[in-house]
There are 4 protein chains.
Amino acid sequence: MTERAAVKAALKTQAVETPSWAYGNSGTRFKVFAQQGVPRTPQEKLDDAAKVHEFTGVAPTVALHIPWDRVDDYAALARHAEDRGLRLGAINSNTFQDDDYRLGSVCHPDAAVRRKAVDHLLECVDIMDATGSKDLKLWFADGTNYPGQDDIRARQDRLAEALAEVYERLGDDQRMLLEYKLFEPAFYATDVPDWGTAYAHCLKLGPKAQVVVDTGHHAPGTNIEFIVATLLRERKLGGFDFNSRFYADDDLMVGAADPFQLFRIMYEVVRGGGLSGDVAFMLDQCHNVESKIPAIVRSVMNVQEATAKALLVDQDALGAAQQAGDVLGANAVLMDAFSTDVRPLLCEVREEMGLDPDPVKAYARSGWAEKIVGERVGGEQAGWGA
Amino acid sequence: MTERAAVKAALKTQAVETPSWAYGNSGTRFKVFAQQGVPRTPQEKLDDAAKVHEFTGVAPTVALHIPWDRVDDYAALARHAEDRGLRLGAINSNTFQDDDYRLGSVCHPDAAVRRKAVDHLLECVDIMDATGSKDLKLWFADGTNYPGQDDIRARQDRLAEALAEVYERLGDDQRMLLEYKLFEPAFYATDVPDWGTAYAHCLKLGPKAQVVVDTGHHAPGTNIEFIVATLLRERKLGGFDFNSRFYADDDLMVGAADPFQLFRIMYEVVRGGGLSGDVAFMLDQCHNVESKIPAIVRSVMNVQEATAKALLVDQDALGAAQQAGDVLGANAVLMDAFSTDVRPLLCEVREEMGLDPDPVKAYARSGWAEKIVGERVGGEQAGWGA
Amino acid sequence: MTERAAVKAALKTQAVETPSWAYGNSGTRFKVFAQQGVPRTPQEKLDDAAKVHEFTGVAPTVALHIPWDRVDDYAALARHAEDRGLRLGAINSNTFQDDDYRLGSVCHPDAAVRRKAVDHLLECVDIMDATGSKDLKLWFADGTNYPGQDDIRARQDRLAEALAEVYERLGDDQRMLLEYKLFEPAFYATDVPDWGTAYAHCLKLGPKAQVVVDTGHHAPGTNIEFIVATLLRERKLGGFDFNSRFYADDDLMVGAADPFQLFRIMYEVVRGGGLSGDVAFMLDQCHNVESKIPAIVRSVMNVQEATAKALLVDQDALGAAQQAGDVLGANAVLMDAFSTDVRPLLCEVREEMGLDPDPVKAYARSGWAEKIVGERVGGEQAGWGA
Amino acid sequence: MTERAAVKAALKTQAVETPSWAYGNSGTRFKVFAQQGVPRTPQEKLDDAAKVHEFTGVAPTVALHIPWDRVDDYAALARHAEDRGLRLGAINSNTFQDDDYRLGSVCHPDAAVRRKAVDHLLECVDIMDATGSKDLKLWFADGTNYPGQDDIRARQDRLAEALAEVYERLGDDQRMLLEYKLFEPAFYATDVPDWGTAYAHCLKLGPKAQVVVDTGHHAPGTNIEFIVATLLRERKLGGFDFNSRFYADDDLMVGAADPFQLFRIMYEVVRGGGLSGDVAFMLDQCHNVESKIPAIVRSVMNVQEATAKALLVDQDALGAAQQAGDVLGANAVLMDAFSTDVRPLLCEVREEMGLDPDPVKAYARSGWAEKIVGERVGGEQAGWGA
């Protein structure tokens with residue numbers, strides 16, 4: 001197989017998971033701008049996700065968020081997905097929207113609140129059993145707003161205890177993916193603020209506990225690809241929540257704010273053997289002002305383009321220049337790949353997969369947008385508060 | 001008058017404006033945790049504000065936010081305030097919560113939306129006429145989320161045109177206070193992102209246009225007291241929106257995150273003659289997880305403590321050390337004032353004003369909290385979405 | 001002329017000024033790693049700069065730094081440049097390396113130190129007269145390390161007085177370019193920390209005073225292209241000091257850290273008419289670990305590539321999408337230009353200019369690197385401390 | 001023992017280690033401003049350090065930096081210290097100032113350079129044996145300036161190998177303290193950029209490997225006290241390098257930039273049992289523009305004041321408020337301690353220790369400053385390049 005063929009083969013087997021909530025309404029604390037045609041049910045979210053997969057060919061799974069996607073019959077929901085060529089992906093827990101969670105969930109000073117939160121996490125594993133999902137994705141909004149508000153260390157103890165109970169409940173093929181976030185909604189101390197904290201907990205829990213890197217959850221200046229390389233080296237990289245940011249957790253389309261950073265991240269994924277392993281590539285974005293389905297299509301394409309460029313890096317030339325201490329030469333090898341316009345290559349990949357080479361235009365031509373605007377009238381649109 | 005007497009005199013005449021919206025519910029994009037006893041009407045917000053003034057003695061005015069505080073009869077609302085020892089303060093406009101404002105208000109590409117936004121601003125001046133408010137405070141959520149989304153420069157032209165029309169409408173004793181903000185809710189480019197932009201617009205508009213410094217609206221590492229000193233030197237500091245932050249626009253209680261910074265800011269205010277002039281000292285905070293009225297009382301006290309320390313700086317000794325190039329000596333003069341425990345001094349001030357020396361405890365003893373929880377049942381609690 | 005021809009024509013007339021000091025040794029506070037073949041005199045720096053221009057065709061001027069490039073006969077130095085196809089560019093002042101400047105230069109509390117600093121600035125204008133330089137570039141290291149160390153406002157007064165005296169000395173065709181910087185070497189307050197401060201001073205001085213944007217001198221998260229658009233709109237953008245950064249003022253090769261940002265900046269330059277006007281495009285970089293001349297060649301090429309992409313933006317399509325409020329469509333127009341591989345276009349440009357299409361390889365083949373390593377033996381290598 | 005007596009007892013046994021290099025000249029990449037009277041030898045640095053201990057009573061040890069403090073006879077140097085009431089503290093290695101280390105030391109792609117670096121580290125352990133030092137403090141300037149310059153993951157492998165060899169060499173009572181730093185002098189990727197990386201390496205090495213927290217080495221917004229609490233919980237906090245910062249690694253006097261942060265850090269130390277254990281409290285500062293010995297005295301006092309306030313926190317009241325979910329109440333308990341003026345308490349402590357209550361004035365009166373200016377003439381002043 002030629003190198004170009006190998007790159008294309010890798011791109012054809014890539015899989016990007018889209019999040020059910022990105023199909024619904026979202027916004028900032030100032031305003032949620034509702035859009036026409038937005039899904040009203042988990043099933044309608046899957047219908048939209050099926051369109052993303054239909055036109056990109058590499059988005060076969062959909063992450064659920066409980067309780068936003070709570071249904072009576074998860075097996076039926078899984079069949080709804082399968083009927084549209086999809087599978088259900090990671091189950092995302094929510095321990096931040098109940099009034100009881102004002103001061104935290106698994107780290108709350110009150111044991112009763114912690115019990116309630118852990119029960120929710122266990123329920124999520126039950127749902128995984130029903131949907132066949134492999135991954136439980138845990139993001140905790142826990143933290144404090146004011147110094148002294150609660151005891152930082154005691155909260156770590158409570159967190160460890162909760163995670164241990166949930167870990168025990170996991171099945172043989174199930175994983176716990178622990179996410180970290182610098183701040184928001186907590187504004188003084190977050191209980192899992194950085195990869196080091198997530199890593200330390202996962203290490204104690206065992207091999208089924210892995211770290212998730214949300215690309216928007218770091219302090220300014222953080223070198224994310226270093227974290228990716230390190231977690232892969234430690235065999236603790238469970239997956240990504242992709243999005244992009246200029247400031248805080250902006251949740252813009254992945255690759256929109258800094259495409260070079262996304263390329264560098266994907267290069268470390270390729271370099272560390274993460275492309276063909278168990279790393280989950282998930283989107284976690286908010287499309288506040290732009291059309292949702294086309295934005296998700298565009299995001300999947302951005303991941304593909306960054307991956308294609310990462311695969312095109314001439315690793316032999318790079319290694320030789322690095323070993324020789326040729327700073328400019330090594331940097332140039334990397335930049336050559338980044339400067340390459342990979343869109344023609346991806347058009348080929350899509351055509352070989354039987355897809356339209358331009359997913360954005362193909363979706364626009366499909367009439368789906370007009371159809372859902374016309375049909376999805378009445379009911380309550382899905383959103384974060386749903 | 002002794003120096004201590006002069007400091008106390010200055011503290012007795014200080015005025016901190018509290019914002020009506022801080023008495024209502026607020027939260028993050030993830031969740032608004034409602035609290036019991038929260039006001040349901042602008043009148044009830046004023047009732048709460050009256051308590052803050054009753055116990056602190058230095059919070060005589062209340063800022064309104066339109067449309068959150070829209071009433072049929074603003075003169076009656078002003079009388080409601082006066083009956084409780086208050087006056088109505090700045091009128092805050094809102095051009096970010098109507099569906100039309102998804103892509104901006106005064107900077108929107110569509111002239112019809114801009115017209116609507118300007119009309120709202122003009123309505124706010126009408127309200128000022130009715131309430132006797134002197135200040136129109138303008139914060140624009142305008143901006144873009146993605147590079148290329150709109151033309152940065154054309155948006156400045158539109159902004160300038162809108163501001164000019166509103167400026168013309170101002171009465172002789174009215175001012176326009178223009179606020180800047182680095183980001184949020186816009187995540188790529190904000191149309192008034194920094195003090196330089198606000199200053200440039202105000203300079204062209206004329207002397208009634210002044211800049212507002214919101215202490216939470218800067219990039220990490222920004223030296224806010226430098227901006228304060230510079231705007232005072234340029235006679236363009238209109239006022240403050242006080243709050244505090246560790247990360248983004250956290251809107252925590254002023255002085256909670258970095259009391260030393262607040263002291264340095266107040267020192268430049270004192271140094272630049274801003275304490276006795278037209279500078280408006282306003283709070284703009286969100287009490288998401290803590291009790292609202294006590295948090296506002298505490299915030300007013302934090303401003304007082306920082307002001308007291310700033311007033312205690314030995315300016316002669318400081319100037320002498322600075323002129324001598326004595327780095328450590330000059331710094332020590334400033335730190336001496338900061339290290340001083342000014343709480344006893346403020347207790348004296350309060351007692352001389354006929355107040356309880358401990359406003360927090362006095363409020364707690366007053367029974368107001370229990371009263372509003374008991375009485376404010378039913379109706380819709382005030383909040384940002386109201 | 002076709003659009004492609006117009007783009008090429010613009011690229012052929014572009015001019016990037018290289019800084020004399022980038023050819024010398026540089027480093028961090030921890031270590032300066034000397035390199036072989038580094039120039040020992042201003043003349044040798046020009047010899048190296050001539051090579052950059054020879055292979056890129058768009059680097060015809062060289063900025064000088066006084067006293068690092070002090071010579072007895074500046075007219076002779078200008079002829080040395082002309083003999084090599086170069087002109088002398090901006091004169092950069094240095095008021096930070098004399099022991100007297102420990103606490104500042106033009107802002108120093110001691111009038112004698114201020115006098116010395118202003119005299120140096122006036123000397124720089126004398127040198128401009130001798131070299132035919134049009135621009136006096138002013139960067140002040142002035143500032144304070146500790147709160148209270150000196151009076152922020154008094155320092156502004158001293159700064160304004162010094163600038164006014166130097167402004168008066170400028171000839172009809174000469175400009176003063178005022179640079180701003182957030183921090184370093186001052187660590188508490190810098191006397192010209194942001195574009196707003198530089199703008200306010202330049203506005204008062206007059207039309208010959210303009211602001212310089214050093215791309216590495218901003219707080220994290222600052223939207224630099226917004227500043228560029230704003231300064232162009234205000235007719236106050238004098239020029240750029242190009243470099244790139246991940247953290248502080250890293251002074252890496254321009255375009256190395258965030259090529260998308262450089263493209264967005266160049267797009268605003270094109271959009272605002274800055275490409276064909278008086279805006280000076282200068283490099284200001286440190287090549288601490290990489291070979292200097294190739295790094296400068298690469299940097300010039302990076303500016304060219306960003307400019308080419310900016311010129312390729314379909315402005316009609318962009319404007320139409322922006323006016324229509326088509327967020328994704330407008331962003332896609334911009335991204336199309338950025339995703340384009342412009343290296344073939346630039347190869348054409350170079351060939352049409354009679355240059356080798358690959359400046360890096362052409363320089364490597366030229367034998368210059370080996371020649372200077374062999375010949376420049378003995379003497380003292382140029383560096384910041386020279 | 002009353003609570004106040006207990007606080008005083010704790011303060012009397014506190015120990016802050018001062019760094020030999022802070023007594024010498026230091027600066028930025030722009031300029032080192034030499035000061036009169038600066039030591040020329042390691043012995044003279046110890047003489048100055050003895051003065052700091054004489055007047056503060058809590059600075060009994062001095063950290064050395066090799067090769068800056070290289071001497072022929074370390075046992076004699078230790079005796080020189082003992083004769084002045086001091087002990088030699090941590091040995092700090094230097095693998096960043098040899099020309100061979102341009103591309104790194106223990107992470108360098110060339111095995112010969114790595115060997116040289118490891119040999120230096122082993123030499124440092126030899127010196128520890130001679131001086132009786134317990135701690136080897138490792139800070140690596142290793143990293144890369146450009147993406148692609150070297151392989152991030154391979155560098156981690158090399159780092160792990162080097163650390164393992166040095167760890168093996170440690171004696172029973174010796175520790176390895178591994179420091180992390182976000183950036184500088186490397187500007188793209190640092191090989192030990194954060195506490196997570198340092199922790200992961202220390203965990204694999206064993207109990208004698210511990211993490212050092214330099215308070216100036218974090219990304220903006222990082223909650224340092226969280227890291228302190230977490231490392232204490234993990235029994236991996238080896239010590240501190242104290243200093244303060246507004247921007248990058250400014251190396252200002254500890255407590256100068258954010259005294260509230262220092263207090264929060266010391267509170268977590270007290271809370272986590274770190275005050276009476278093996279945690280090393282070291283200064284690592286640069287006194288670029290201020291007098292060095294008085295600045296170090298002031299820094300030691302700042303640590304004392306923060307510690308005193310941390311010890312004064314009413315832990316029972318705090319715990320009760322935290323458990324009750326009383327956000328404002330818990331915060332108020334913490335703030336009460338911070339607002340307290342602890343200078344009178346520390347005067348008492350000093351008087352009970354037989355010291356002058358005002359170390360700054362006592363040092364000024366001692367004549368030492370004049371003495372060293374008069375006597376230390378000729379020779380070469382100590383500095384980073386020495």
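Just so it is clear: chains get the letters A, B, ... in the order the sequence lines come, proteins before strands, and each one is counted from 1.
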Checklist line | Region of B:D98 in contact with chain A, defined by heavy-atom distances below 4.5 Å | finding: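 Looking at B:D98, just its backbone touches chain A.
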Next item on the list: Decide yes or no on side chain to side chain contact (heavy atoms under 4.5 Å, CB included) for A:D251 and B:F187, but give the supporting numbers first.
Entry: CA-CA 9 Å; A:D251 277 334; B:F187 294 129; over 6 Å; no
Chain B-proximal positions within [range] [heavy-atom distance under 4.5 Å]:
range: residues 138-153 of chain A; result: A:W139, A:N145, A:Y146, A:P147, A:Q149
range: residues 20-32 of chain A; result: A:G27, A:T28, A:R29, A:F30, A:K31
range: residues 107-114 of chain A; result: none

Margin query: Donor-acceptor pair, distance only, cut-off 3.5 Å: does the side chain of B:R102 make one with the backbone of A:V289?
Written below: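 Confirmed, B:R102 side chain pairs with A:V289 backbone.
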Check: Which region of A:L103, side chain (C-beta onward) or backbone (N, CA, C, O), has a non-hydrogen atom less than 4.5 Å from a non-hydrogen atom of chain B, or is it both or neither?
Finding: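 Side chain only.
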Notebook entry, point to check: With a 4.5 angstrom heavy-atom cut-off, which part of A:P220 approaches chain B: side chain, backbone, both or neither?
Noted result: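 Side chain only.
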Next item on the list: Kindly write out the residues that satisfy salt bridge (Lys or Arg N to Asp or Glu O under 4.0 Å) with A:K181, not counting sequence neighbours, or none if the list is empty.
Entry: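 Checked A:K181 against salt bridge (Lys or Arg N to Asp or Glu O under 4.0 Å); matches are A:E184, A:D249.
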Checklist line | Check: A:F246 ring centre within less than 6.0 Å of B:Y188 ring centre | finding: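 For A:F246 and B:Y188, the ring centres are under 6.0 Å apart.
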Margin query: If we define contacts as heavy-atom pairs under 4.5 Å, which of B:L252, B:D99, B:N288, B:L182 has the most with chain A?
Written below: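 So the answer, after comparing B:L252, B:D99, B:N288, B:L182, is B:L252.
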Notebook entry, point to check: Most heavy-atom pairs under 4.5 angstrom with chain A, which of B:F96, B:F183, B:Y101?
Noted result: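 Ranked by contacts with chain A, first place is B:F183.
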